[in-house]
Colleague: 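One structure follows; several queries about it will come next.
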Amino acid sequence: MEERNQSRYVKLSKDQAPLEDIKPGELNQPIEVPQLAVRKCIECGQPLPESYSPPADEPWMTGIFGCAEDRENCLTGLFCPCVLFGRNVESLHEETPWTGPCICHAIFVEGGFALAAATVIFNGFIDPGTSFIIFEGLFFTWWMCGIYTGQVRQSLQKKYHLKNSPCDPCCVHCCMHWCALCQEHREMKGRLSDNAFPEMTVVNAPPVQEMKSTDEKENPETSSANEHSGLELQVL
């Protein structure tokens with residue numbers, strides 16, 4: 001790795017110094033060339049101009065607790081969070097169908113809550129040590145799901161240059177998972193609706209032009225008479 005990071009340009013001479021003052025190993029060493037030290041795009045690798053400045057982070061269109069602003073979105077996130085999460089992933093990554101993330105969310109999140117509720121209900125019939133192991137595994141699974149859903153939220157923030165609201169994406173999903181899902185859905189819905197009707201330039205088609213022969217231009221009366229009578233002229 002060190003050889004790859006070294007410069008391909010080396011110093012072959014020493015300026016303003018006699019050859020006797022050159023020390024062994026002083027020449028033929030990698031040097032930095034300022035003209036080659038240009039900034040490049042992280043995604044495509046293309047060089048960026050000196051006047052380029054990265055876009056600043058923007059605030060979210062709605063707050064983390066603004067679930068009531070979209071009633072349908074709020075009800076979907078409350079009763080079917082797996083469906084809302086699948087729709088969010090599909091809107092963010094068009095090549096990914098919503099069914100895959102929806103099923104994963106239903107298995108690990110909704111399934112985990114169902115297992116926790118069953119453990120509480122049948123607590124008298126289950127050994128306390130077994131119950132402790134179940135809850136410990138569910139707690140670990142919840143944090144793993146929070147990290148996964150937080151990465152989806154982080155991709156959304158990177159796409160639209162959004163700030164952390166109110167904190168790190170993974171922590172938001174671990175502590176306020178349902179509110180985060182609703183906020184992400186409102187954000188993508190609002191931004192897609194803003195770009196749904198871009199400005200269009202209306203271009204009128206030119207009028208239809210008909211080409212006429214020279215004889216028709218010189219004798220318009222004769223051509224019109226021939227068209228109406230349907231007779232043909234023959235040279236004798």
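Heavy-atom basis, side chains included; hydrogens, waters and symmetry copies ignored.
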Colleague: Are Cys179 and Cys67 close enough that some pair of their side-chain heavy atoms sits under 4.5 Å apart?
Modeller: yes
Colleague: Rounded to the nearest 0.5 Å, how far does SG of Cys170 lie from CH2 of Trp143?
Modeller: 9.5 Å
Colleague: If you round to the nearest 0.5 Å, how far is CZ of Phe135 from CG of Leu115?
Modeller: 8.0 Å
Colleague: On a heavy-atom basis, which atom in Pro101 and which in Gly86 lie closest, and how many Å separate them?
Modeller: CB-CA, 4.2 Å
Colleague: Main chain of Gly129, side chain of Asp127: is a donor-acceptor contact present, judged purely on distance under 3.5 Å?
Modeller: yes
Colleague: Can you tell if the side chain of Val152 reaches within under 4.5 Å of the side chain of Phe85, non-hydrogen atoms only?
Modeller: yes
Colleague: Consider only side-chain heavy atoms of I, L, V, M, F, W and Y, link residues closer than 4.5 Å, and tell whether Val89 and Val109 are in one cluster.
Modeller: no
Colleague: A side-chain contact here means heavy atoms from C-beta on lying under 4.5 Å apart; do Arg186 and Met61 qualify?
Modeller: no
Colleague: Looking at Gly77 and Trp178, what are the two nearest heavy atoms and their distance?
Modeller: O-CD1, 2.9 Å
Colleague: Linking Ile, Leu, Val, Met, Phe, Trp and Tyr through side-chain heavy atoms less than 4.5 Å apart, which residues share a cluster with Phe125?
Modeller: Ile121, Phe122, Ile126
Colleague: For Glu58, enumerate each residue passing the salt bridge (Lys or Arg N to Asp or Glu O under 4.0 Å) test, keeping only those at least two apart in sequence or located in another chain.
Modeller: Arg191
Colleague: Kindly compute the distance separating CD (Gln183) from CG (Leu162), expressed to the nearest 0.5 Å.
Modeller: 9.0 Å
Colleague: Is the CZ atom of Phe132 crowded by more than 12 outside heavy atoms at less than 6.0 Å?
Modeller: no
Colleague: Using every non-hydrogen atom in the two residues, find where Cys182 and Cys74 come nearest and quote the distance to one decimal.
Modeller: SG-CA, 4.2 Å
Colleague: Can you name the closest pair of heavy atoms from Pro81 and Glu110 and give their distance?
Modeller: CG-OE2, 3.0 Å
Colleague: As a test of understanding, state which of His173, Gln154, Met144 forms a side chain to side chain contact (heavy atoms under 4.5 Å, CB included) with Thr149.
Modeller: His173
Colleague: According to a 4.5 Å side-chain heavy-atom criterion applied to Ile, Leu, Val, Met, Phe, Trp and Tyr, with indirect links allowed, do Ile133 and Phe140 form part of one hydrophobic cluster?
Modeller: no
Colleague: Check whether any side-chain heavy atom of Ile103 sits under 4.5 Å from a side-chain heavy atom of Phe108, and report yes or no.
Modeller: no
Colleague: Quick one: which residue pairs count as a salt bridge (Lys or Arg N to Asp or Glu O under 4.0 Å) with a foot in residues 59-77, not counting sequence neighbours?
Modeller: Asp70-Lys189
Colleague: According to salt bridge (Lys or Arg N to Asp or Glu O under 4.0 Å), does anything in residues 140-156 pair up with another residue at least two apart or in another chain? List the pairs.
Modeller: Arg153-Glu184
Colleague: Remaining members of Met176's ILVMFWY cluster at a side-chain heavy-atom cut-off under 4.5 Å?
Modeller: Ile64, Phe65, Val172
Colleague: Do you know the tightest heavy-atom contact between Ala106 and Cys82?
Modeller: N-CB, 3.9 Å
Colleague: Step by step, would you call Cys145 with His177 a side chain to side chain contact (heavy atoms under 4.5 Å, CB included)?
Modeller: CA-CA 10 Å; Cys145 293; His177 178 65; over 6 Å; no
Colleague: Which atoms form the tightest heavy-atom contact between Met188 and Leu156, and what is the distance?
Modeller: CG-CD1, 3.5 Å
Colleague: Evaluate Leu84 against Phe79 for side chain to side chain contact (heavy atoms under 4.5 Å, CB included), listing each step before the verdict.
Modeller: CA-CA 10 Å; Leu84 188 61; Phe79 296 102; over 6 Å; no
Colleague: Give, for atom SG of Cys80 and atom CG of Leu75, the distance between the pair rounded to the nearest 0.5 Å.
Modeller: 10.0 Å
Colleague: Please assess Trp142 against Phe113 for the test ring-ring contact (aromatic ring centres under 6.0 Å, His included), listing each intermediate value before the final yes or no.
Modeller: CA-CA 10 Å; Trp142 172 256; Phe113 276 95; 5.8 Å; yes
Colleague: Once side-chain hydrogen bond (donor to acceptor under 3.5 Å, both in side chains) is applied, what residue pairs with a partner in residues 74-98 remain, sequence neighbours excluded?
Modeller: Asn88-His185
